[in-house]
Amino acid sequence: MSTKPEEFITNEMKAFLGENLIEVRIPRSRRIYLTVKIDDYKRAAKHLVESTGLTHISTITAADAGKDVDVMTLLFGRGVEVMLKAAVPKTAPKIPTLTDLVPGVTFYEREVHDLFGVVFEGHPNLDRFMLPEDWPEGVYPLRKEYKVARLKGPREVD
Amino acid sequence: MSLAVELLRNLVKRRATVLYPFKDKDRVHLPEGLRGKIAFHRERCIGCSMCFRVCPSETIEMTEDRIGKRPRFYLDRCTYCQQCEDVCPTNSIELTNQFENFGFNRKEYRIE
Amino acid sequence: MKGSPRHADVLLVTGPVNKQIKDRIIRIYEQMAEPKFVVSVGNCCNSAGVYRGAYNVYNGLDTVIPVDAYVYGCPPKPENILQAVAALQAKIKGG
Amino acid sequence: MSTTEIKVPVGPQHPALKEPENFTFTVEGETIVKADVRVGYAHKGIEKLMESKTYIQNIPLVERICGICNTAHTICYTQNIEYLYDKPIPRRAEYLRVVAEELNRIHSHLLWLGVVGHEVGFETLFMYVWRDREVVLDLIETLTGNRVSMAFTTVGGTRRDITPEIEHKMRKGMDILEERTKYYRRTVPADPTILARAKGVGILTAQEAIQLCAVGPFRRASTIKEDVRSDDSYAAHDDVPFNVVTYDTCDFFGRMMVRIDETLESINMVRYCLDHMPKGPIRMRLPNTPPVAEAVSKVEAPRGEDIHYVRSNGTDKPARYKVRAPTSANLAPLLQTMTSRGKYDVYIADIPVLIAGIDPCMCCMDRSVRFVDPSKGKTWVWTMDQLKKYSKRM
């Protein structure tokens with residue numbers, strides 16, 4: 001394969017998604033950043049995992065970008081780390097799950113649900129994963145609007 | 001059973017445990033670059049608060065005294081990362097290699 | 001003697017105290033029989049050290065259970081921990 | 001739960017390896033049918049805290065994500081910020097980072113080998129391995145000033161340099177360590193007590209390892225030849241020769257041998273770096289505020305692939321910082337090895353060994369074990385000592 005893996009993957013994804021591919025960036029060797037809309041997210045991930053050989057999903061994470069939450073899936077294959085980003089509106093934070101595609105991501109999605117409140121449709125069990133039991137419902141610590149309140153211990157006197 | 005051979009060989013060897021502080025005070029490994037308790041030289045400090053900006057654990061707090069601005073150190077929060085010593089322009093902060101730091105009241109463990 | 005809090009005299013705690021482990025620490029502390037002593041090992045345990053300000057961490061073990069001796073260090077050298085426990089022992093004997 | 005299944009919770013006080021965590025096993029008599037995990041006992045909210053500290057202040061915080069493999073997180077973090085600036089750092093600093101990382105790998109793998117002896121009930125091995133580990137801890141303390149948390153790398157390079165006498169001490173230390181690790185390489189696989197507990201325990205086939213995204217020695221023990229140092233080489237790994245160790249036994253025994261061989265590889269890598277250390281500066285000054293960008297950085301931590309993501313917004317504080325430690329990637333495959341399927345079934349007695357199999361560093365994650373028996377309607381919590389006594393009696 002004469003072309004470098006980065007070019008091969010970007011051409012493959014451009015051909016597959018066409019103009020739905022909002023943005024493609026190759027900031028450095030062995031890194032590709034793709035941005036897609038929510039309804040292409042599952043299709044793009046499936047294509048990357050099954051037909052472009054990126055079988056290993058390193059992690060699924062999210063970032064608060066003001067009015068919506070960017071859900072980012074990091075896949076690895078052919079020596080290249082690909083980041084697939086989809087913006088999810090905070091008003092309706094829903095995105096299809098990838099657990100049926102790669103079962104290893106169950107805990108990543110539960111963590112993003114716990115800390116960002118993004119609901120992964122079709123996830124086997126989205127209950128509490130990392131936060132303590134008495135953490136209030138609907139409060140997502142990694143969102144910008146959550147102001148960090150310092151914990152005061154029962155014996156604390158300052 | 002070659003592990004048995006090891007067992008026998010160890011019977012004659014010196015014991016590995018260091019019974020500090022009762023015995024073996026000399027066998028403690030003390031390299032000269034050890035990052036221990038902070039020593040602050042007030043006379044060199046010019047109160048530029050660079051150390052305050054670089055400290056990761058709120059150990060350093062800027063206060064005033066009759067000479068001028070200076071840092072106060074809450075040593076029970078220190079992570080011994082030595083970033084304050086690296087960044088101080090007048091070398092007035094220095095991490096000694098004194099590692100025996102313990103106490104019964106953490107409110108007193110400060111450099112005022 | 002079994003390795004459980006009920007037979008212990010001194011409880012050594014290390015690492016930051018977070019919201020979820022707080023109740024477990026209090027339960028273990030209550031399981032210990034009087035007279036009991038607590039040694040907080042490391043600056044994370046003394047004062048949440050580098051985690052000060054995290055939404056899930058308390059500002060030190062002494063905001064949750066009474067602490068008798070503090071070992072400063074991040075992490076403290078093993079000899080330092082030994083010396084602190086020995087000093088606490090001497091203090092207890094000394095009355 | 002009509003079948004005679006029992007749920008058994010153990011913990012959360014240090015079920016194995018002194019880490020708080022909560023497993024729930026549904027068991028049928030002796031074999032485990034389903035395993036589930038509840039984490040959060042060591043969750044500190046580091047990622048939110050990092051958004052309120054500057055890039056320099058975050059270095060000691062990132063280093064304390066994991067007490068054992070802290071160099072991996074620090075190198076991954078500082079590399080990530082350098083990707084934001086997109087400026088190369090001095091070559092000598094990259095070699096120093098490889099030395100620090102491999103010393104940390106030797107210390108982490110030897111610690112794990114000792115704990116395997118402790119889990120299996122072989123206390124003498126635990127004592128011997130941890131005594132030999134002191135050699136590498138003293139080297140790390142001489143080089144960086146602290147036995148465990150190195151504070152060695154910073155944004156733009158490293159903070160200390162290897163002087164001739166440190167180099168001399170390191171070469172002597174490497175010889176001692178090589179001789180001791182070779183000794184364990186000979187005796188540990190030949191030892192009946194360990195073989196009985198390691199052979200054929202905790203099966204994870206290659207296909208399952210790929211499906212469940214296992215990482216590190218846990219993955220390489222199932223025949224998959226993947227290592228971040230060779231696939232996505234960072235620092236000076238493109239120069240430093242090493243071969244990726246894999247085993248095809250897919251069980252606990254394979255994981256143990258992968259880690260022992262990796263220790264020998266690391267010793268040779270440290271020697272290679274000392275021989276070919278380039279001259280030049282060890283640090284490059286970088287401004288406090290990186291340009292607005294995103295970056296992904298990967299490192300091969302002792303437990304596996306450690307991946308960080310940073311997003312900067314032009315200020316001196318990161319807008320978002322994500323850390324996925326290797327142990328959280330190995331959690332799903334760990335549960336898979338704990339569920340009986342087909343002709344391969346798992347017994348309660350295997351739990352301590354299986355948990356130790358992924359070398360869990362629970363400050364990156366966290367766990368313990370609880371058993372529930374629906375047919376008897378009984379649940380009971382076992383602390384790790386009870387579980388280990390039970391497993392030794394089996």
Side-chain angles (χ1 to χ4, degrees), chain B residues 15-40 51-61 72-85 93 95-112, chain C residues 10-18 35-95:
Chain B
R15 75 180 136 63
T17 46
V18 175
L19 291 174
Y20 192 89
F22 310 108
K23 282 203 230 86
D24 304 334
K25 283 224 185 218
D26 56 335
R27 283 182 61 194
V28 178
H29 181 251
L30 262 181
E32 29 67 58
L34 185 79
R35 287 182 270 121
K37 189 176 179 186
I38 291 180
F40 175 56
C51 54
F52 166 73
R53 260 188 245 119
V54 121
C55 175
S57 57
E58 294 169 10
T59 307
I60 295 175
E61 197 185 67
R72 166 195 293 152
F73 297 84
Y74 294 93
L75 291 176
D76 61 336
R77 305 177 189 161
C78 173
T79 63
Y80 300 90
C81 61
Q82 206 173 18
Q83 287 190 162
C84 47
E85 178 180 332
I93 299 175
L95 262 72
T96 62
N97 66 359
Q98 196 226 325
F99 66 93
E100 291 148 329
N101 315 316
F102 60 90
F104 302 115
N105 173 5
R106 74 178 171 111
K107 296 281 186 287
E108 291 153 9
Y109 193 57
R110 291 186 184 145
I111 300 180
E112 286 306 335
Chain C
V10 179
L11 174 70
L12 265 82
V13 182
T14 185
V17 179
N18 76 356
K36 53 191 171 188
F37 301 93
V38 175
V39 177
S40 145
V41 176
N43 276 350
C44 275
C45 197
N46 298 337
S47 66
V50 79
Y51 301 109
R52 287 181 75 82
Y55 59 82
N56 204 17
V57 177
Y58 288 92
N59 279 340
L61 184 65
D62 49 15
T63 63
V64 171
I65 55 175
V67 171
D68 299 290
Y70 298 89
V71 186
Y72 305 109
C74 190
K77 257 176 96 75
E79 292 84 3
N80 190 9
I81 303 173
L82 284 174
Q83 189 168 26
V85 175
L88 178 64
Q89 209 175 17
K91 183 175 177 233
I92 299 165
K93 283 209 187 78

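So you know, we letter chains A, B, ... as the sequences are listed, proteins then strands, and number each from 1.
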Which bit of [X] comes within less than 4.5 Å of chain C, counting heavy atoms only: side chain, backbone, both or neither?
{"X": "Cys78(B)", "answer": "both"}
{"X": "Glu58(B)", "answer": "side chain"}
{"X": "Phe22(B)", "answer": "side chain"}
{"X": "Leu19(B)", "answer": "neither"}

TODO: Would you mind telling me which of Asn59(C), Leu61(C), Val57(C) makes a side chain to side chain contact (heavy atoms under 4.5 Å, CB included) with Pro16(C)?
DONE: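 The residue from Asn59(C), Leu61(C), Val57(C) that satisfies side chain to side chain contact (heavy atoms under 4.5 Å, CB included) with Pro16(C) turns out to be Val57(C).
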Best-contacting candidate, [options], against chain B by heavy atom pairs under 4.5 angstrom:
{"options": "Ala48(C), Gly73(C), Gly60(C), Ala86(C)", "result": "Gly73(C)"}
{"options": "Asp68(C), Val39(C), Val67(C), Ile81(C)", "result": "Asp68(C)"}
{"options": "Val71(C), Asp62(C), Asn80(C)", "result": "Asn80(C)"}

Task: Top of Pro21(B), Gly103(B), Cys81(B) for chain C proximity - count of heavy-atom pairs under 4.5 angstrom - done: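 Max contact count across the listed options: Gly103(B).
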TODO: Heavy atoms only, distances under 4.5 angstrom: which of Asn105(B), Leu34(B), Val18(B) has the most pairs with chain C? Name it, please.
DONE: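 If we count pairs closer than 4.5 Å to chain C, Asn105(B) comes out on top.
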Task: Rounded distance (nearest 0.5 Å) linking atom CD of Glu61(B) with atom CZ of Arg110(B) - done: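 Between atom CD of Glu61(B) and atom CZ of Arg110(B) there are 8.5 Å.
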Open item on the list: Using side chain to side chain contact (heavy atoms under 4.5 Å, CB included), reason through Ile111(B) and Leu75(B) one step at a time and then give a plain yes or no.
Closed with: CA-CA 7 Å; Ile111(B) 300 180; Leu75(B) 291 176; 3.8 Å; yes
TODO: Please confirm whether Lys25(B) makes a cation-pi placement over Tyr20(B), using NZ or CZ under 6.0 Å from the six-membered ring centre and within 45° of the ring normal.
DONE: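 Verdict for Tyr20(B): a cation-pi partner in Lys25(B).
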TODO: With a 4.5 angstrom heavy-atom cut-off, could you sort out which part of Ala87(C) is near chain B: side chain, backbone, both or neither?
DONE: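 For Ala87(C), backbone and side chain are both near chain B.
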Task: Check: Ala39(B) main-chain N/O paired with Thr96(B) side-chain donor or acceptor under 3.5 Å - done: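 Flag not set: sc Thr96(B) to bb Ala39(B) has no pair under 3.5 Å.
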- [ ] Using atom types as modelled and distance alone, determine if a side-chain donor or acceptor of Arg77(B) lies under 3.5 Å from a backbone N or O of Ser57(B).
- [x]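 No, because the side chain of Arg77(B) does not come within donor-acceptor range (under 3.5 Å) of the backbone of Ser57(B).
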TODO: State yes or no: are the ring centers of Tyr109(B) and Tyr72(C) separated by less than 6.0 Å?
DONE: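 Yes; Tyr72(C) has its ring centre under 6.0 Å from that of Tyr109(B).
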